[in-house]
Amino acid sequence: MADGEREPRPVAGEPHPLDAPARTSLTGPHARFAERRGRILRYPVDVTPWTAHPDTPDAQDWADLAALAGPGGTIGLNTLKEEPPEGWEILQRIAGVQLVDESVVPEPDAEAVRLGRADVPEMLDLVERTRPGPFLPRTVELGTYLGIRRGGTLVAMAGERLRPPGWTEISAVCTDESVRGQGLASRLVRAVAYGIRERGETPFLHTSAANTGAIRLYESLGFRLRAHPEFLSLRAPAALPPTGEPREAAPR
């Protein structure tokens with residue numbers, strides 16, 4: 001970090017909050033969103049696909065995941081350290097990168113406007129055109145989303161998603177093809193980072209490892225590579241396995 005103090009320091013001997021960001025979000029600042037079964041936590045399906053699970057799920061955890069997904073339902077996982085058991089189908093496997101704020105220069109943007117529930121149809125339309133990653137009808141509830149309009153049309157946006165203690169993820173960074181090359185994404189990332197820093201938190205973000213253009217942009221803004229997570233989309237078995245009594249312990 002430029003000033004040597006920006007990144008929150010994890011407590012000695014404890015996992016870093018960003019090692020399992022969905023888990024630390026759902027057991028922390030986003031606990032109000034958590035849907036839980038045993039040691040499994042997830043966001044509502046119309047908010048975001050992120051799911052929290054133990055580092056090495058056992059048979060009961062997989063049964064609880066299947067019960068949350070429903071027969072043949074889909075669920076998103078990250079930080080999984082082993083292959084799913086028989087009956088689960090991997091629909092998508094994405095190598096990702098996690099980048100953290102090292103020297104970002106945060107700056108509010110006079111043209112950026114706060115987006116809310118009334119703007120969701122426009123936001124979903126922009127996401128459909130630009131494909132920045134999952135953005136669902138209630139994703140806007142996770143934090144501040146900012147957008148830029150041209151001629152009354154939403155052409156660029158960025159906002160906040162996961163919130164591990166001391167951190168906030170910048171997400172849904174997208175720009176319509178008609179205005180690319182004008183620096184709107186950079187401006188919005190800095191503007192969202194400004195709000196995050198004002199709360200005393202540190203920005204971070206995820207993207208696909210194959211999205212080299214986005215990675216170059218984020219690194220040019222002052223983000224540095226921290227980790228290489230893998231993101232999985234899975235289909236649950238059509239017939240649910242026996243679940244037993246759901247456990248009450250939080251995921252570890």
### Query
Tracing side-chain links under 4.5 Å among I, L, V, M, F, W and Y, which residues wind up in one group with Y194?
none

### Task
Applying side-chain hydrogen bond (donor to acceptor under 3.5 Å, both in side chains), name anything that partners R150, two or more places apart in sequence or on another chain.
E111, Q182

### Message
Restricting to non-hydrogen atoms, name the atom on P237 and the atom on A66 that form the minimum distance, rounded to 0.1 Å.
### Response
CD-CB, 4.4 Å

### Message
For the CG atom of L41 and the CG atom of L26, what is their distance to the nearest 0.5 Å?
### Response
5.5 Å

### CG on L115 to CE on M123, rounded to 0.5 Å
4.5 Å

### Query
Cluster partners of L91, using ILVMFWY side-chain heavy atoms under 4.5 angstrom, listed by chain and number?
none

### Sequence-distant partners of R131, side-chain hydrogen bond (donor to acceptor under 3.5 Å, both in side chains), two or more places apart
E128

### Task
Name all pairs fulfilling the ring pair (Phe, Tyr, Trp, His ring centres under 6.0 Å) condition that reach into residues 122-162, sequence neighbours left out, sorted by first residue then second.
F135-Y145

### Query
Does L68 offer a backbone N or O that forms a donor-acceptor pair with the side chain of R42 under 3.5 Å?
yes

#### Entry: From CD (E102) to OG1 (T202), nearest 0.5 Å
12.0 Å

### Query
Quick one: are the ring centres of W50 and H30 less than 6.0 Å apart?
no

### Task
Answer yes if L136 and L77 sit in the same cluster of Ile, Leu, Val, Met, Phe, Trp and Tyr residues linked by side chain heavy atoms under 4.5 Å apart, and no otherwise.
no

### Task
Return the set of residues passing side-chain hydrogen bond (donor to acceptor under 3.5 Å, both in side chains) with S178 (not counting sequence neighbours), or none when no residue passes.
D176

## Note on the structure
Those residues at least two apart in sequence (or on a different chain) that pass side-chain hydrogen bond (donor to acceptor under 3.5 Å, both in side chains) with E141 are R138

### Task
Grab the two heavy atoms, one from G133 and one from V127, that are nearest each other, plus how far apart they are.
O-CG1, 4.0 Å

### Query
Nearest heavy-atom pair of I75 and A69: which atoms, and what distance?
CB-CB, 4.3 Å

### Query
Is there any ring pair (Phe, Tyr, Trp, His ring centres under 6.0 Å) pair reaching into residues 104-133, and which pairs are they, with sequence neighbours excluded?
none

### Message
Within the structure provided, determine whether D101 and I196 are in side-chain contact (heavy-atom separation under 4.5 Å).
### Response
no

### Message
Give me the atom names and distance for the closest heavy-atom approach of I40 to P54.
### Response
CD1-CD, 3.9 Å

### Task
Check whether any side-chain N or O of N211 sits under 3.5 Å from a backbone N or O of S208 as a donor-acceptor pair, and report yes or no.
no

### Message
Same cluster or not: V97 versus V104, using hydrophobic residues (I, L, V, M, F, W, Y) connected whenever any side-chain heavy atoms lie under 4.5 Å apart?
### Response
yes

### Message
So does P164 get a backbone contact from the side chain of T24, meaning a donor-acceptor N/O pair under 3.5 Å?
### Response
no

#### Entry: Distance, nearest 0.5 Å, that separates CG of L162 from OH of Y43
5.0 Å

### Task
Might you work through the side-chain contact (heavy atoms from CB on, under 4.5 Å) test for L188 and V173, ending with a clear yes or no?
CA-CA 8 Å; L188 286 170; V173 181; 6.0 Å; no

### Residues forming a side chain to side chain contact (heavy atoms under 4.5 Å, CB included) with P71, sequence neighbours excluded
L240

### Task
Decide yes or no for F223 and V189: does some side-chain heavy atom of the first lie under 4.5 Å from some side-chain heavy atom of the second?
yes

### Query
Could you walk me through whether H206 and N78 pass the side-chain contact (heavy atoms from CB on, under 4.5 Å) check?
CA-CA 12 Å; H206 295 100; N78 67 92; over 6 Å; no

### Message
Could you work out, with side chain to side chain contact (heavy atoms under 4.5 Å, CB included) as the rule, every residue matching P57, not counting sequence neighbours?
### Response
H53, D61, W62, L80, E82

### Query
How would you list, by chain and number, every residue that makes a side chain to side chain contact (heavy atoms under 4.5 Å, CB included) with E83, sequence neighbours excluded?
I90, R93

### Closest heavy-atom pair and its distance - R129, L154
NH2-O, 3.5 Å

### Query
Is any side-chain heavy atom of M157 closer than 4.5 Å to a side-chain heavy atom of D119?
no

### Query
Counting heavy atoms not belonging to R117, are there more than 12 under 6.0 Å from its CZ?
no

### Message
How long is the straight-line distance from CH2 of W167 back to CG of L18, given to the nearest 0.5 Å?
### Response
4.5 Å

### Query
Any ion pair linking E169 and R161 (charged N to carboxylate O, less than 4.0 Å)?
yes

### Query
Is any side-chain heavy atom of L221 closer than 4.5 Å to a side-chain heavy atom of R190?
yes

#### Entry: Verify same cluster id: I215, L205 (apolar side-chain graph, 4.5 Å)
yes

#### Entry: By side chain to side chain contact (heavy atoms under 4.5 Å, CB included) - contacts of T144 (at least two apart)
R114, L146, E160

### Message
Checking side-chain contact (heavy atoms from CB on, under 4.5 Å) between L99 and each of E219, R224, R226, which is the one that passes?
### Response
E219

### Query
Donor-acceptor pair, T51 side chain versus G76 backbone, under 3.5 Å?
yes

### Query
Looking only at heavy atoms, what is the nearest atom pair of R197 and P203, with distance?
NE-CD, 4.2 Å

### Task
Give the intermediate values and the outcome of side-chain contact (heavy atoms from CB on, under 4.5 Å) for residues W88 and L65.
CA-CA 11 Å; W88 287 82; L65 275 165; 3.9 Å; yes

### Query
Going only through I, L, V, M, F, W and Y residues with side-chain contacts under 4.5 Å, is there a path from I170 to Y218?
yes

### Separation of R187 CZ from T175 OG1 (nearest 0.5 Å)
10.0 Å

### Message
Tell me whether T153 contacts the main-chain N or O of V155 through its side chain, where contact means a donor paired with an acceptor under 3.5 Å.
### Response
no

